[in-house]
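In what follows, a single structure is set out as C-alpha cells and then discussed.
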Amino acid sequence: MATVTTERVFNFSPGPAVLPLEVLEQAQADLVALPGVGSSILEISHRSPAFDRILEETLADLRTLLGVGDTHDIVLVQGGASLQFSMVPMNLLRGRDAAADYILTGTWGTTAIKEARREGAVHVAWDGAATAHDRLPEPGEIRLSTAPAYVHVTSNETIQGVQWKREPDVGSAPLVCDCSSDFLSRPIDVANYGLIYACAQKNAGIAGVTVVIIRKDLLARSRDDLPTMLDYRTFVKNGSRPNTPPTFAVYVLGLVCRWLRDSMGGLAGIARHNAAKAKLLYDVLDASGGFYAGHARPDCRSDMNVTFRLPDEAAEKAFLSGAASRGLVDLKGHRSVGGIRASIYNAMPVAGVEALRDWMLEFRRSRGG
Ligand SMILES: *Cc1c(COP(=O)(O)O)cnc(C)c1O
C-alpha cells in the first residue's frame with residue numbers, strides 16, 4: 001500500500017485545518033487498539049480508566065501550557081465556539097441590569113453579538129465595520145459602558161485576518177475572549193481574562209470539542225433556571241463529563257497538547273515558529289508594490305490568517321488554480337472579504353509556507369512584477 005503521507009498536500013484551510021503529522025500518525029497507530037487497553041479510543045467508555053487518564057492528562061497539559069492558575073477552571077464542552085456565543089451571555093448576562101460590551105473587529109464578533117442580544121442589553125464599544133474590519137481600535141477609541149457585565153473581544157478574526165497583539169485594558173470588567181483561531185498559538189496571560197473559549201478545530205485539534213477557561217468567581221453569576229447542559233457549573237462540577245463527552249476529539253486535543261509541549265517548545269516556541277512563518281508571507285506582500293494588497297493594516301496583521309487581494313478576480317482565479325496544481329490548497333478567501341486567505345496555524349509546516357511564498361513570487365514575476 002502506498003504511504004498516505006507522501007500524498008499529503010499543503011492544506012491552508014481555515015478550519016477544520018491541518019494537524020501535525022505526528023498527531024495523525026499517533027492517532028492512526030492507536031486507532032485499532034490503544035496500547036495496554038486493546039480497544040480503540042473510538043470504542044471505550046468515557047468512564048473507563050483509560051479515558052480517565054486521557055482526560056486528566058489533557059486538562060493538566062492545557063493548564064501547564066497556558067499557565068492557568070487556581071483562579072480559573074478549565075472545562076471541555078460541545079457545540080463549537082458558536083454555542084459559546086450563547087452560553088457566555090446566558091451565564092454572565094441573563095437577568096443583570098448591566099450591559100455586555102462587545103468590541104467588534106470582524107465577522108465572528110459580529111456573529112457573537114447577535115446571540116448576546118437575546119440575553120440582555122448589549123453595548124458596542126467599538127466597531128471596525130467602517131473600514132471593512134481591517135484594523136483594531138486604538139486604546140482611546142474603545143467606549144465602554146458603565147460597569148459592563150463583561151467585555152467581549154475576538155483575539156483573532158479568522159476571516160479578516162486581524163489579531164490583537166495583546167489584550168485591551170478593560171479595567172475591572174471581566175474580559176471574555178473568543179480565542180478560537182489563535183488558541184495555543186502563543187502565550188497569553190490567562191489571569192487577565194474572565195473567560196476564554198476556543199473551538200479546537202483551528203489550532204488545537206478536531207471539531208467536536210471546545211475549551212472554556214473561566215474565572216471561578218464568575219461561576220456564581222449563573223442562574224438556577226438555566227438548562228443543565230448550558231450552565232458552566234454543570235461542567236465544572238462533573239469534571240467535563242456530565243454526559244458523554246466527544247471522546248475522540250478530547251484524545252486528539254491531548255495529542256496536540258503533547259506535541260506542543262514535547263516537540264515545539266511549548267507556547268513560546270510555537271509563537272516564534274508562527275511569527276516566522278507569517279513574516280515569510282507578509283514580506284512578499286510588502287515587497288510586491290501593491291500587487292498583493294493585504295486586507296489587514298500592517299500593525300494589526302494576524303500570524304494565523306494572511307488575507308490579501310490580487311489586482312483583479314481573474315488574477316486571483318489563476319493564482320488559486322496554479323497554487324492547487326502545486327499542492328497548495330484551500331487558499332480562497334472567505335466570500336465576504338474575497339481574495340486569498342492563507343491559514344497558517346500551528347501545524348502548518350514551514351515548508352508549506354515557503355512553497356506558497358515561492359509560488360507568490362513566481363506568479364508575480366509571470367505578470368511582469
Ligand atoms: C471558527 C470560528 C468560530 C466558529 O466555530 P464553530 O466551532 O464552528 O462554532 C468562532 N469564532 C472564531 C474566531 C472562529 O475562528
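For ligands, and for the atoms within them, numbers begin at 1 and follow the listed sequence.
- Under a cut-off of 6.0 angstrom, the local environment of NZ in Lys279 is sparse, with at most 12 non-hydrogen atoms contributed by other residues, nucleotides or ligands.
- No side-chain donor-acceptor contact under 3.5 Å links Asn305 and Thr158.
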Without placing hydrogens or testing angles, list every side-chain donor-acceptor pair under 3.5 Å for residues 145-154, not counting sequence neighbours.
unit_1, atom_1, unit_2, atom_2, d
Ser145, OG, Asp101, OD1, 2.8
Ser145, OG, Asp101, OD2, 3.2
Tyr150, OH, Tyr102, OH, 2.8
His152, NE2, Tyr197, OH, 2.7
Thr154, OG1, Glu157, OE2, 3.4

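- Closest approach of Thr110 to Ile113, counting heavy atoms only: O-CG2, 3.2 Å.
- Listed by chain and residue number, the protein contacts of ligand 1 are Gly80, Ala81, Ser82, Phe85, Trp108, Thr154, Asn156, Thr158, Asp178, Ser180, Ser181, Cys199, Gln201, Lys202 (heavy atom within 4.0 angstrom).
- Side-chain contact check for Ser185 and Asn274: no donor-acceptor pair (N or O, by modelled atom type) lies under 3.5 Å.
- Looking only at distances, no side-chain donor or acceptor of Tyr292 sits under 3.5 Å from a matching main-chain atom of Leu281.
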